[in-house]
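Below is one structure; the comments refer to it alone.
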Amino acid sequence: MAAFQAPCDVLVFFCNGKKIVERNADPEMSLLTYLRDKLSLSGTKNSCAEGGCGACTAMLSYYDVKKKEVRHFAVNTCLTPLCAVHYMAVTTVEGIGSSRTKLHPVQERIAKAHGSQCGFCTPGFVMSMYTLLRNNSAPSGEDIETVLVDNLCRCTGYRPILEGFQTFSKVSSDLCLVDEDDQNKKDMIEDMGFLCRNQLFRKEDWMPYDSTQDVIFPPELMILAENGPENITFASQNSTWYCPVTLQGALDLKISYPEAVIVAGNTDVGKSTSHFH
């Protein structure tokens with residue numbers, strides 16, 4: 001336990017390629033609140049605040065030391081504690097493109113396919129799709145539908161959103177491989193045929209997706225990850241966040257703070273005076 005008795009550490013992460021150093025990280029603050037109130041990144045929307053709508057979706061990235069690769073995953077920032085992004089890279093909708101500079105193909109396609117009406121849910125859909133492409137630049141139609149299940153839209157009925165994003169799918173190139181008994185595949189290809197005939201938009205007018213143009217993962221975070229994990233403590237007036245790096249360290253903390261809330265993928269950070277992750 002001695003390793004956790006030092007003053008609180010400094011929270012370090014990258015947001016849209018910029019290094020963020022927070023010396024007063026509040027363990028009870030969500031990543032969503034920090035993005036909007038501290039960094040003025042209002043593209044990430046605050047809607048249900050309980051992980052039910054996906055409007056606050058952003059992408060987190062970290063370096064997997066064992067696999068020697070960068071991992072990307074979409075999160076509901078309203079449920080993500082700020083302290084949990086230490087040594088990670090956060091990407092919001094502002095970080096992939098804008099109408100002032102240049103839209104990302106994901107942004108362009110949902111807009112030109114008429115997949116945005118009130119627009120409140122659009123950044124969340126964009127970031128879910130963007131994260132999928134960062135992990136798989138040639139997803140299937142099923143991959144696209146699956147990754148969007150956590151995003152809700154009250155305006156469009158989802159069809160224009162799916163039609164726009166299905167243009168990233170390579171299913172149409174597999175026409176000659178269709179099994180006559182595979183009705184699901186045949187139905188999907190029929191849908192793609194409808195998409196090709198759809199006069200609301202023309203695929204050939206859109207920017208192609210080039211994964212090499214995406215923002216690179218900060219090399220500094222790779223170096224920090226390679227140096228190995230460290231015990232981390234963040235404290236505010238009302239609560240303390242402990243991050244042990246060993247099972248024994250976690251057990252020691254639980255013995256010392258039996259009422260502490262364990263934050264490890266759950267959706268309730270809680271109001272306890274102590275948390276450990």
Checking [Y] against [X]: is there a side-chain donor and acceptor pair closer than 3.5 Å?
X: Thr146; Y: Asp143; answer: no
X: Thr233; Y: Asp9; answer: no
X: Ser61; Y: His72; answer: yes
X: Thr91; Y: Asn16; answer: no

Tell me, please, which residues at least two apart from [X] pass salt bridge (Lys or Arg N to Asp or Glu O under 4.0 Å).
X: Arg36; result: none
X: Glu108; result: Lys112
X: Lys19; result: Glu220
X: Asp210; result: none

Is it possible for you to say whether [X] and [Y] belong to one hydrophobic cluster, with membership spreading through side-chain heavy-atom contacts below 4.5 Å?
X: Ile161; Y: Ile96; answer: yes
X: Val215; Y: Leu221; answer: no
X: Val106; Y: Leu148; answer: yes
X: Leu60; Y: Tyr62; answer: yes
X: Val12; Y: Met222; answer: yes

Legend entry - Straight-line distance of Cys83 SG to Glu28 CD, nearest 0.5 Å: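 Taking SG in Cys83 and CD in Glu28, the distance rounds to 10.0 Å.
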Legend entry - Cationic N near anionic O, under 4.0 Å, Glu94 to Arg100: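 Result for this pair is no, no salt bridge flagged.
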Using modelled atom types only, decide if a donor and an acceptor are shared between the side chain of [X] and the backbone of [Y] within a distance under 3.5 Å.
X: Ser128; Y: Phe125; value: no
X: Thr246; Y: Gly249; value: yes
X: Asn151; Y: Gly54; value: yes
X: Glu22; Y: Asn24; value: yes
X: Ser256; Y: Leu253; value: no

Legend entry - Residue pairs, two or more places apart or on separate chains, that pass salt bridge (charged side-chain N to carboxylate O under 4.0 Å, His left out) and touch residues 230-242: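 For residues 230-242: none.
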Inset, instruction - Output every pair passing salt bridge (charged side-chain N to carboxylate O under 4.0 Å, His left out) with a member in residues 113-123, not counting sequence neighbours, ordered by first then second residue. - result: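 Residue pairs passing salt bridge (charged side-chain N to carboxylate O under 4.0 Å, His left out), neighbours aside: none found.
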Heavy-atom distance under 4.5 Å between the side chains of [X] and [Y], does that happen here?
X: Ile144; Y: Glu142; result: no
X: Tyr34; Y: Phe13; result: yes
X: Leu11; Y: Val21; result: no
X: Phe165; Y: Ile110; result: yes
X: Pro105; Y: Phe168; result: yes
X: Met129; Y: Arg109; result: no
X: Leu133; Y: Thr131; result: no

Taking only residues two or more places apart in sequence, or in another chain, which ones meet [X] in a side-chain hydrogen bond (donor to acceptor under 3.5 Å, both in side chains)?
X: Thr122; answer: Ser116
X: Thr33; answer: Ser30
X: Gln107; answer: none
X: Lys66; answer: none

Inset, instruction - Step by step, work out the side chain to side chain contact (heavy atoms under 4.5 Å, CB included) result for Lys254 and Asp252. - result: CA-CA 5 Å; Lys254 191 59 178 176; Asp252 290 342; over 6 Å; no
Inset, instruction - If a pair satisfies ring pair (Phe, Tyr, Trp, His ring centres under 6.0 Å) and one of its residues is in residues 145-164, list it, with sequence neighbours excluded. - result: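 Non-adjacent pairs meeting ring pair (Phe, Tyr, Trp, His ring centres under 6.0 Å): zero.
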Legend entry - Inter- and intrachain pairs under ring pair (Phe, Tyr, Trp, His ring centres under 6.0 Å), touching residues 79-107, at least two apart: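 Residue pairs with at least one partner in residues 79-107: His86-Phe234, His104-Tyr130, His104-Tyr209.
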Inset, instruction - Mind running side chain to side chain contact (heavy atoms under 4.5 Å, CB included) on Asp64 and Val70 for me, showing each step along the way? - result: CA-CA 6 Å; Asp64 189 322; Val70 178; over 6 Å; no
Inset, instruction - May I ask you to check if Arg71 and Tyr63 form a cation-pi contact, with NZ or CZ under 6.0 angstrom from the six-membered ring centre and within 45° of the axis? - result: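 Not flagged: Arg71 not positioned over aromatic ring of Tyr63.
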Legend entry - Over all atoms of both residues, closest heavy-atom pair of Gly141 and Gln166: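 That closest heavy-atom pairing would be CA-OE1, 3.2 Å.
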